[in-house]
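The structure under discussion appears below in the form of C-alpha coordinates.
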Amino acid sequence: MYYTSDDGKTYFADDASKVTPFDKDGKEAVRCYVFKCADGKPFVAYLERLEKTSKEKYNAARQQAKKGEMVIDLELIQMEGMEIKKPGDAKWTKRISAEGDRISQVNCPDGNNAALNIVLPSD
(Lines give C-alpha, C1' and ligand atoms only; values in the text may rest on other atoms or scores of the structure.)
Protein backbone atom coordinates (compact mmCIF):
# COMPACT_ATOMS: atom_id res chain seq x y z
CA MET A 1 0.00 0.00 0.00
CA TYR A 2 0.96 3.63 -0.28
CA TYR A 3 1.33 5.94 2.70
CA THR A 4 2.02 9.64 3.17
CA SER A 5 3.43 11.70 6.02
CA ASP A 6 2.97 15.09 4.36
CA ASP A 7 -0.77 15.21 3.55
CA GLY A 8 -0.39 13.57 0.15
CA LYS A 9 2.31 15.79 -1.33
CA THR A 10 4.55 12.71 -1.54
CA TYR A 11 3.95 9.03 -0.83
CA PHE A 12 5.88 5.84 -0.21
CA ALA A 13 5.17 2.11 -0.39
CA ASP A 14 5.18 0.02 2.78
CA ASP A 15 3.67 -3.10 4.32
CA ALA A 16 -0.10 -3.28 3.74
CA SER A 17 -0.67 -4.70 7.24
CA LYS A 18 0.43 -1.48 8.95
CA VAL A 19 -2.25 0.16 11.07
CA THR A 20 -2.45 3.88 10.41
CA PRO A 21 -1.51 6.30 11.64
CA PHE A 22 2.02 5.14 12.42
CA ASP A 23 5.31 6.94 13.00
CA LYS A 24 7.56 7.39 9.97
CA ASP A 25 10.74 9.38 10.59
CA GLY A 26 9.09 11.36 13.39
CA LYS A 27 5.95 12.19 11.39
CA GLU A 28 2.47 10.66 11.39
CA ALA A 29 1.97 8.49 8.31
CA VAL A 30 -1.47 7.54 6.97
CA ARG A 31 -2.65 5.38 4.08
CA CYS A 32 -3.19 7.15 0.79
CA TYR A 33 -4.92 6.09 -2.40
CA VAL A 34 -3.07 6.92 -5.59
CA PHE A 35 -4.73 7.09 -9.01
CA LYS A 36 -3.81 8.12 -12.53
CA CYS A 37 -5.83 9.35 -15.47
CA ALA A 38 -5.26 9.62 -19.22
CA ASP A 39 -2.22 11.87 -18.74
CA GLY A 40 -0.53 9.08 -16.72
CA LYS A 41 0.41 11.44 -13.89
CA PRO A 42 -0.27 9.82 -10.48
CA PHE A 43 -2.11 11.80 -7.81
CA VAL A 44 -3.24 11.17 -4.23
CA ALA A 45 -7.04 11.12 -4.24
CA TYR A 46 -7.66 10.71 -0.50
CA LEU A 47 -6.08 9.73 2.81
CA GLU A 48 -7.25 7.17 5.35
CA ARG A 49 -6.55 6.38 9.01
CA LEU A 50 -8.08 4.79 12.09
CA GLU A 51 -9.21 7.31 14.66
CA LYS A 52 -7.26 7.05 17.92
CA THR A 53 -9.71 5.06 20.06
CA SER A 54 -10.38 2.56 17.27
CA LYS A 55 -6.65 2.12 16.66
CA GLU A 56 -6.17 1.33 20.36
CA LYS A 57 -9.04 -1.20 20.26
CA TYR A 58 -7.70 -2.73 17.05
CA ASN A 59 -4.17 -3.14 18.43
CA ALA A 60 -5.48 -4.61 21.70
CA ALA A 61 -7.63 -7.10 19.77
CA ARG A 62 -4.65 -8.13 17.62
CA GLN A 63 -2.63 -8.79 20.77
CA GLN A 64 -5.47 -10.92 22.17
CA ALA A 65 -5.64 -12.87 18.93
CA LYS A 66 -1.87 -13.53 19.05
CA LYS A 67 -2.38 -15.05 22.52
CA GLY A 68 -5.13 -17.28 21.14
CA GLU A 69 -7.86 -15.39 23.00
CA MET A 70 -11.26 -14.72 21.49
CA VAL A 71 -11.54 -11.21 20.06
CA ILE A 72 -14.18 -8.97 18.65
CA ASP A 73 -14.29 -8.61 14.89
CA LEU A 74 -11.24 -6.66 13.69
CA GLU A 75 -13.01 -5.68 10.47
CA LEU A 76 -15.86 -4.17 12.47
CA ILE A 77 -13.40 -2.04 14.46
CA GLN A 78 -11.84 -0.84 11.21
CA MET A 79 -15.17 -0.10 9.55
CA GLU A 80 -16.50 1.88 12.51
CA GLY A 81 -13.30 3.80 13.20
CA MET A 82 -11.97 4.56 9.72
CA GLU A 83 -11.65 8.22 8.80
CA ILE A 84 -10.82 9.77 5.42
CA LYS A 85 -10.09 13.17 3.95
CA LYS A 86 -8.89 14.79 0.76
CA PRO A 87 -5.31 16.09 0.70
CA GLY A 88 -5.32 19.67 1.97
CA ASP A 89 -8.54 19.32 3.96
CA ALA A 90 -8.21 20.02 7.68
CA LYS A 91 -11.09 17.82 8.83
CA TRP A 92 -11.15 14.02 8.92
CA THR A 93 -14.57 12.41 8.26
CA LYS A 94 -15.98 9.01 9.13
CA ARG A 95 -15.48 6.69 6.16
CA ILE A 96 -18.98 5.29 6.53
CA SER A 97 -21.03 8.48 6.05
CA ALA A 98 -22.49 10.54 3.24
CA GLU A 99 -19.47 12.88 3.41
CA GLY A 100 -17.12 9.86 3.43
CA ASP A 101 -18.83 8.56 0.29
CA ARG A 102 -18.30 11.94 -1.38
CA ILE A 103 -14.63 12.05 -0.42
CA SER A 104 -13.95 8.53 -1.71
CA GLN A 105 -15.48 9.31 -5.13
CA VAL A 106 -12.43 9.81 -7.34
CA ASN A 107 -12.60 11.85 -10.53
CA CYS A 108 -9.99 12.74 -13.08
CA PRO A 109 -9.20 16.46 -13.22
CA ASP A 110 -10.13 16.55 -16.92
CA GLY A 111 -13.45 14.77 -16.30
CA ASN A 112 -12.46 11.73 -18.40
CA ASN A 113 -13.01 9.01 -15.80
CA ALA A 114 -12.85 6.29 -18.47
CA ALA A 115 -9.06 6.38 -18.03
CA LEU A 116 -9.14 6.43 -14.20
CA ASN A 117 -7.01 3.69 -12.65
CA ILE A 118 -5.74 3.00 -9.15
CA VAL A 119 -1.96 2.84 -8.86
CA LEU A 120 -0.53 0.07 -6.68
CA PRO A 121 3.07 -0.28 -5.50
CA SER A 122 3.50 -3.33 -7.74
CA ASP A 123 2.64 -1.25 -10.86
Side-chain angles (χ1 to χ4, degrees):
M1 296 299 295
Y2 284 120
Y3 300 91
T4 183
S5 59
D6 60 6
D7 202 41
K9 294 177 188 79
T10 62
Y11 52 91
F12 57 93
D14 208 329
D15 184 353
S17 68
K18 290 204 172 197
V19 180
T20 60
F22 62 89
D23 182 72
K24 172 74 170 169
D25 302 326
K27 294 182 179 180
E28 183 179 273
V30 297
R31 181 168 284 164
C32 64
Y33 290 84
V34 180
F35 289 81
K36 64 181 176 179
C37 298
D39 66 3
K41 182 180 174 188
F43 66 96
V44 174
Y46 61 94
L47 315 177
E48 181 180 78
R49 72 176 186 191
L50 269 176
E51 57 90 14
K52 185 179 178 179
T53 304
S54 294
K55 182 180 177 187
E56 291 167 357
K57 286 180 189 176
Y58 186 85
N59 285 333
R62 282 177 53 173
Q63 290 302 315
Q64 287 178 299
K66 285 181 183 178
K67 295 177 188 175
E69 298 174 14
M70 193 154 173
V71 298
I72 59 174
D73 189 351
L74 293 174
E75 288 183 28
L76 181 62
I77 295 171
Q78 283 186 309
M79 284 177 29
E80 291 177 347
M82 197 62 67
E83 298 177 314
I84 65 174
K85 74 179 196 94
K86 294 277 188 190
D89 288 354
K91 182 182 168 213
W92 288 87
T93 301
K94 287 286 188 186
R95 174 98 158 117
I96 300 177
S97 68
E99 180 67 8
D101 288 344
R102 185 194 65 75
I103 291 169
S104 65
Q105 292 295 314
V106 181
N107 293 299
C108 290
D110 66 2
N112 181 12
N113 286 349
L116 180 67
N117 288 298
I118 192 162
V119 178
L120 301 173
S122 60
D123 290 350

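All heavy atoms count here, side chains included; hydrogens, waters and symmetry mates do not.
In this structure, Asp7 contributes its side chain and Gly88 its backbone to a donor-acceptor pair below 3.5 Å. For Lys27 (side chain) and Asp6 (main-chain N/O), no donor-acceptor pair under 3.5 Å exists by modelled atom type. The closest donor-acceptor contact from the side chain of Lys94 to the backbone of Glu80 lies under 3.5 Å. Using modelled atom types, no side-chain atom of Asn117 and backbone atom of Lys36 make a donor-acceptor pair closer than 3.5 Å. A distance-only check finds no donor-acceptor pair linking the side chain of Tyr3 to the backbone of Pro21 [under 3.5 Å]. Judged by distance alone, with hydrogens and angles left aside, the side-chain atoms of Lys86 form a donor-acceptor pair with the main-chain N or O of Ile103 at under 3.5 Å.
Contact detail for Arg95 and Ser104: the closest heavy-atom pair is NH1-CB, 3.0 Å. Here the closest non-hydrogen pair linking Ala38 and Ala115 is N-CB, 3.5 Å. When all heavy atoms are compared, the tightest approach of Gly81 to Ser54 is CA-OG, 3.1 Å. Residues Ala16 and Arg31 come closest through the heavy atom pair O-NH2, 2.8 Å. Closest approach of Thr93 to Gly100, counting heavy atoms only: CG2-N, 3.8 Å. Closest of all the heavy-atom pairs between Pro42 and Gly40 is CD-O, 3.3 Å.
By the criterion of side-chain heavy atoms lying less than 4.5 angstrom apart, applied directly or through intervening Ile, Leu, Val, Met, Phe, Trp or Tyr residues, Ile118 is grouped together with Val106 in one hydrophobic cluster.
In this structure, CZ in Arg49 is found 11.0 Å from CE in Met82, a value given to the nearest 0.5 Å. Considering OH of Tyr46 and CD of Gln105, their distance stands at 9.0 Å, rounded to 0.5 Å. Rounding to the nearest 0.5 angstrom, the gap separating the CE atom in Met1 from the CG atom in Leu120 is 7.5 Å. The distance from the CD atom of Glu51 to the OH atom of Tyr58 is 14.5 Å, given to the nearest 0.5 Å. Atom OH of Tyr33 is separated from atom OG1 of Thr4 by 13.5 Å, given to the nearest 0.5 angstrom. Once rounded to the nearest 0.5 Å, the distance linking CD1 of Ile84 with CG of Leu47 reads 9.5 Å.
Put simply, the side chain of Thr20 does not reach to within 4.5 Å of the side chain of Glu48, judged on heavy atoms. Within the 4.5 Å cutoff, the side chain of Pro87 has no heavy atoms near those of the Phe43 side chain.
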CA sep, side-chain torsions, deciding dist, call: Val30, Trp92, side-chain contact (heavy atoms from CB on, under 4.5 Å) | CA-CA 12 Å; Val30 297; Trp92 288 87; 4.1 Å; yes
Verify side-chain contact (heavy atoms from CB on, under 4.5 Å) between Met79 and Ile96, making sure each step is shown before the conclusion.
-> CA-CA 7 Å; Met79 284 177 29; Ile96 300 177; 3.9 Å; yes
Between Tyr2 and Val119, does a side-chain contact (heavy atoms from CB on, under 4.5 Å) hold up when you go through it step by step?
-> CA-CA 9 Å; Tyr2 284 120; Val119 178; 4.1 Å; yes
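Cation-pi geometry between Lys24 and Phe12 is met: the NZ or CZ atom falls under 6.0 Å from the ring centre, inside 45° of the normal.
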